[in-house]
Amino acid sequence: QVQLVESGGGLVQAGGSLRLSCAASGRTISGFAMGWFRQALGKEREFVATISSSAFNTYYTDSVKGRFTISRDSAKNTVYLQMNSLKPEDTAVYYCAARRTPTMSTLGRGYDYWGQGTQVTVSS
């Protein structure tokens, strides 16, 4: 079993930056692909970014390309989401997810473990 705990959310002005962390415990996630999703109030959960187990491959939703960067540190069993040039439309609860396979997925149903989420609020 894998437990995921997100941190790093908060309130930031438009144009600012935040770095989200997702710390895994219970077992190593080195063989797992990882993903970040978000859900804004009143909207469905949407895919944000994913990274393969090797970290060689990443993929982003179009709205965050060039602004967000997903990365992982195997030694720390942690995944990160660096968010730059934040916009009010990035406001959401951000969730980390782990997939019991090395390959990436943009689909929520492709993930086996989820964190509790961290709130990101971007003011205009």
Side-chain angles (χ1 to χ4, degrees):
Q1 192 75 338
V2 174
Q3 292 78 44
L4 303 173
V5 178
E6 302 95 335
S7 61
L11 174 63
V12 64
Q13 288 188 334
S17 298
L18 284 173
R19 187 176 82 152
L20 305 183
S21 298
C22 172
S25 62
R27 60 156 291 167
T28 178
I29 57 169
S30 60
F32 292 3
M34 300 295 293
W36 285 96
F37 291 77
R38 66 187 180 187
Q39 186 167 19
L41 192 63
K43 295 187 177 181
E44 293 188 354
R45 182 180 63 194
E46 66 171 348
F47 163 77
V48 176
T50 182
I51 187 168
S52 63
S53 62
S54 66
F56 288 162
N57 297 302
T58 59
Y59 186 78
Y60 302 88
T61 192
D62 285 345
S63 63
V64 308
K65 284 180 181 176
R67 300 189 298 122
F68 290 13
T69 303
I70 187 171
S71 62
R72 62 192 301 160
D73 185 332
S74 295
K76 295 182 178 180
N77 222 29
T78 299
V79 176
Y80 304 97
L81 185 68
Q82 178 67 45
M83 306 187 295
N84 299 329
S85 302
L86 282 161
K87 304 175 180 180
E89 51 264 44
D90 294 319
T91 295
V93 177
Y94 283 70
Y95 298 92
C96 172
R99 175 172 158 82
R100 286 192 307 245
T101 175
T103 56
M104 303 181 293
S105 176
T106 63
L107 301 176
R109 63 177 180 266
Y111 289 80
D112 303 290
Y113 306 101
W114 292 83
Q116 83 290 346
T118 186
Q119 176 71 46
V120 171
T121 303
V122 184
S123 63
S124 57

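Only this structure's heavy atoms are used, side chains among them; waters, hydrogens and symmetry mates stay out.
Nearest heavy-atom pair, S85 versus S17, reported as atom, atom and distance to 0.1 Å: N-OG, 4.3 Å. In terms of heavy atoms, L81 sits closest to A49 at CD1-CB, 4.2 Å. Minimum heavy-atom separation, I70 to I51: CD1-CG2, 3.6 Å. In this structure, T78 and S21 approach most closely via the heavy-atom pair CG2-CB, 4.3 Å. Between S105 and F47, the shortest heavy-atom contact is O-CE1, 3.9 Å. K87 approaches V122 most closely through the heavy-atom pair O-CB, 3.3 Å.
With values rounded to the nearest 0.5 angstrom, Q39 atom CD is found 8.0 Å from E44 atom CD. If you take CE on M34 and OG on S52, they are separated by 12.0 Å, rounding to the nearest 0.5 Å. From D112, atom CG reaches atom CD of Q1 across 9.5 Å, with rounding to the nearest 0.5 Å.
Here the rule is side-chain contact (heavy atoms from CB on, under 4.5 Å) with Q116, and of V93, L4, V5 only V5 fits it. Between F37 and the choices Y94, Y95, Y111, the ring-ring contact (aromatic ring centres under 6.0 Å, His included) rule is met once, by Y111.
Two residues are said to be in side-chain contact when any heavy atoms from C-beta on lie closer than 4.5 Å; N57 and M104 meet this criterion. Counting heavy atoms from C-beta outward, E6 and W36 have side chains that approach closer than 4.5 Å. By the 4.5 Å heavy-atom criterion applied to side chains, D90 and R38 are counted as neighbours. Two residues are said to be in side-chain contact when any heavy atoms from C-beta on lie closer than 4.5 Å; V2 and F32 meet this criterion. Taking 4.5 Å as the limit, every side-chain heavy atom of Q119 sits out of range of all side-chain heavy atoms of L11.
Side chain of R99 to main chain of G110: a donor-acceptor pair is present (N/O by atom type, distance under 3.5 Å, no hydrogens or angles). For N77 (side chain) and R27 (main-chain N/O), a donor-acceptor pair under 3.5 Å exists by modelled atom type.
Note on L20: it does not cluster hydrophobically with Y80, by side-chain heavy-atom contacts below 4.5 Å among ILVMFWY residues.
Remark: Y113 OH is packed, more than 12 non-hydrogen atoms of other residues, nucleotides or ligands lying under 6.0 Å away. Within a 6.0 Å sphere centred on NZ of K65, heavy atoms belonging to other residues, nucleotides or ligands number more than 12.
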(request) Take I29 and R72 through the test side chain to side chain contact (heavy atoms under 4.5 Å, CB included) and record every step on the way to the result. (result) CA-CA 10 Å; I29 57 169; R72 62 192 301 160; 4.0 Å; yes
